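What follows is a set of notes on a single structure, which appears directly below.
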2 protein chains.
Amino acid sequence: MSADVAARRGIPDASVARLPVYLQALTSLAERGITNVSSEELAAAAGVSSAKLRKDLSHLGSYGVRGVGYEVDRLAFEISTALGLTQDWPVAIIGMGNLGRALAAYSGFATRGFNVVAVLDHDESIVGTVVADHAVRPMSDLDTLVREDKLAIGVIATPADSAQDVADRLVAAGVRSILNFAPCVLDVPDDVVVRKVDMSTELQILAFHEQRRSGELDLTDEEVAL
Amino acid sequence: MSADVAARRGIPDASVARLPVYLQALTSLAERGITNVSSEELAAAAGVSSAKLRKDLSHLGSYGVRGVGYEVDRLAFEISTALGLTQDWPVAIIGMGNLGRALAAYSGFATRGFNVVAVLDHDESIVGTVVADHAVRPMSDLDTLVREDKLAIGVIATPADSAQDVADRLVAAGVRSILNFAPCVLDVPDDVVVRKVDMSTELQILAFHEQRRSGELDLTDEEVAL
DNA sequence: GCGACTTTGTGCATCGCTTCACAAGTGCGT
DNA sequence: ACGCACTTGTGAAGCGATGCACAAAGTCGC
C-alpha cells in the first residue's frame, strides 16, 4: 500500500522519463523468450547504470527478488500500470502535412495503449480526405471529440506559426496533455503538460558535439596557459 | 579569449540543450523586426526563467549590455557559432518508410545549417526511386558518402529491429553523430553521440501525468494516515 | 538444514543544475 | 557632471539526481 502511494506521488521526473525505455527493453526481452532478468542485464539493455535502474524501480515498489532478479512479464506490467498504460488513451493528431500523415500511419501508437481517434486539419480543402483510415475532420470538431471520445492527448503536427493557435484550441476544448512537433515554444496554462519533439533541436545538439570534437584537435596548441 | 575557451569546453549539457530554443525564439523576434531584447523578455519567449537564461548565455561569453539587454542579431550569431551552425553539416537519412519520407521532405533542415546529402534504404526494391529530389541509395554507399561528402550525421528512420544494424554500419563508416527515431536503445562506442527521438516514449510520459491527475481526485479518501 | 553465493533495495556522499540576490556596469534625464 | 533607473553577469545557497557500498533477503548445492 505504501508502494501504491509512491506510485502516485513523488516519482522523480527523471525516473518517469526512463520508465518507457525500461518497458521497451522488457518487451524486447519477452519477445526473445527471456522470462527473468537481473538489474545488471536490464540496465545494459536500457543503456543505464544498474544502480540507477534499481533506484528508479524502487519508486514503483518492490517487485524484484533478491538473489534472483526480476520476472520480465511482472515488471513490464508494473511499469505499464505506473505509467497509466492499462487503459487506452484517446489521441488526436492535428495537422495533415507530411509529418502528420506519417504519424497517422505510424503503427507504434496502437501497440502500446494509444488510440488515434481522429485526425484534424485547419485547411478546408483537406478536410474530408482520408488519411490512414481516418477521414480528416475540421478543427471545430475538437469539443465534440473531448466530450464524446474522451480525447485526452493532442498531437500538434502543424507548421510553427499555427502551433500556438492549435494549442489554444486544444486547451479551450479541455485537453491537458500536448505533444508538440512544431519547432516553437507553446504558451499554455500551468495545469497543461507539453512535451516537445523537434528534430532541428536534436540535430543542433549533435552539431555542437561534432564541432567540439573537431575543435579538440588544436586545443593543445592554444591553451598552453591552462 | 577566455570566452572562447568557455565556448569549447565545459558548457553544461543542460545549457547546450536549451541553446536551440533560444535560437528559435531569437529568430522569431528578428522576423517581427525586434532588434533588442532583455533577458526577461527572451526568457519568456523561450519558456524558461530569466536567471537560467542569463547563466546559460554566460557560458558562451558576455554578449549583453547591462542596463540595455541583448542585440537580437548578435546573440543569434553567437549562439549559432557556439552550436557550430556557421558551417553546413552533411546529413543522411536511412530508412524510407513513412517517417523517412516525411523527414526527407521536411524543409526545416536546410533553413538551419543542415544539408541532406543522401537518403538510403536497405530494401533493393526501393533503391533508385526518387524521394524529395533524392534518388534512394543503397546502404553500401555509406563509406563513399563519408569520404566524398564528409557525411557527419546519420538519421535512423528504420523499424526498431533494423536500427542497431544501421547504427553499426554508420559507426563502421566513420559517422560519430546519430539521430535515432527508432523505438530502441542503440549500442555504440563511447565516442559516438546518439540522440533519441521517440513519440511513443513521449506519449507514455504524457499518459503518466494524465493518469496522476485523475488519481489525485480520490487521493484524499485513501491517504488519511499521511 | 546450513553455509556459500547472488542480487536487490537503500542510506549516504557527491555532483551538477537551478534559483536567489546583489554588485557592477550602462544609458538617460537633468 | 551627476545621480537614478535599469539590466547583466555571477558568487553562493539550495535542491534534486547520480553513484557507491553494503546490509538484507533470497536461492542453490550438499
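The chains referred to below are lettered A, B, ... by the order of the sequence lines, with proteins before strands, and numbering in each begins at 1. The analysis underlying the following values was restricted to heavy atoms, covering all of them including side chains, and did not include hydrogens, waters or symmetry mates. What you are looking at is a predicted structure, and each value in this text was computed from that prediction instead of being measured.
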message: Measure CZ/B/R74 against P/D/dT8 and give the value in whole Å, please.
response: 15 Å
- line: The reported gap from CG in A/N98 to CG in B/L99 (rounded to nearest 0.5 angstrom) is 11.0 Å
query: Are A/R169 and A/D165 within salt-bridge range, i.e. N to O under 4.0 Å?
result: yes
query: Separation of A/E71 atom CD from C/dT8 atom P, in whole Å?
result: 14 Å
message: Please determine whether the number of non-hydrogen atoms from other residues, nucleotides or ligands lying under 6.0 Å from atom CD of A/Q164 exceeds 12.
response: yes
field: Proximity to the side chain of A/R66 - top-ranked nucleotide from D/dT10, C/dT8, C/dC17
entry: C/dT8
- request: Taking A/N180 for its side chain and A/C184 for its backbone only, find out whether a donor-acceptor pair lies under 3.5 Å.
  value: yes
query: B/L57 CG to D/dG9 P: how many Å, rounded?
result: 7 Å
statement: Against the side chain of A/V68, the closest entry in D/dT27, D/dG9, D/dA21 is D/dT27
statement: Of A/D13 and B/S39, the one whose nearest nucleotide on DNA chain D sits closer to the 5' end is B/S39
field: Candidates D/dT8, D/dG26, D/dT10 - which lies nearest the side chain of B/K55
entry: D/dT10
- prompt: OP1 or OP2 of C/dG9 less than 4.0 angstrom from a side-chain nitrogen or oxygen of A/S62, does that happen here?
  reply: yes
message: Counting only side-chain nitrogens and oxygens, does A/R54 get under 4.0 Å of the OP1 or OP2 atom of D/dC20?
response: no
field: Separation of C/dT8 C1' from A/K52 NZ (nearest whole Å)
entry: 19 Å
- prompt: Contact class for B/S49 vs. all strands (heavy atom < 4.0 Å): base, sugar-phosphate, or nothing?
  reply: sugar-phosphate
query: C/dG9 C1' sits how many Å from A/L60 CG, rounded?
result: 13 Å
query: Going by heavy atoms in the side chains, are B/V175 and B/I153 under 4.5 Å from each other?
result: no
message: Rounded to whole Å, how long is the line connecting atom CG of A/L53 with atom P of D/dT18?
response: 12 Å
- request: Round to a whole Å and report the spacing from OH of A/Y63 to P of C/dT10.
  value: 12 Å
task: Write down the distance between CD (A/E40) and C1' (C/dT7), rounded to a whole number of angstrom.
output: 10 Å
- request: Report yes if a side-chain nitrogen or oxygen of B/Y70 is closer than 4.0 Å to either non-bridging phosphate oxygen (OP1 or OP2) of D/dG9; otherwise report no.
  value: yes
statement: Of D/dT8, C/dT8, C/dT26, the nucleotide closest to the side chain of B/V65 is C/dT26
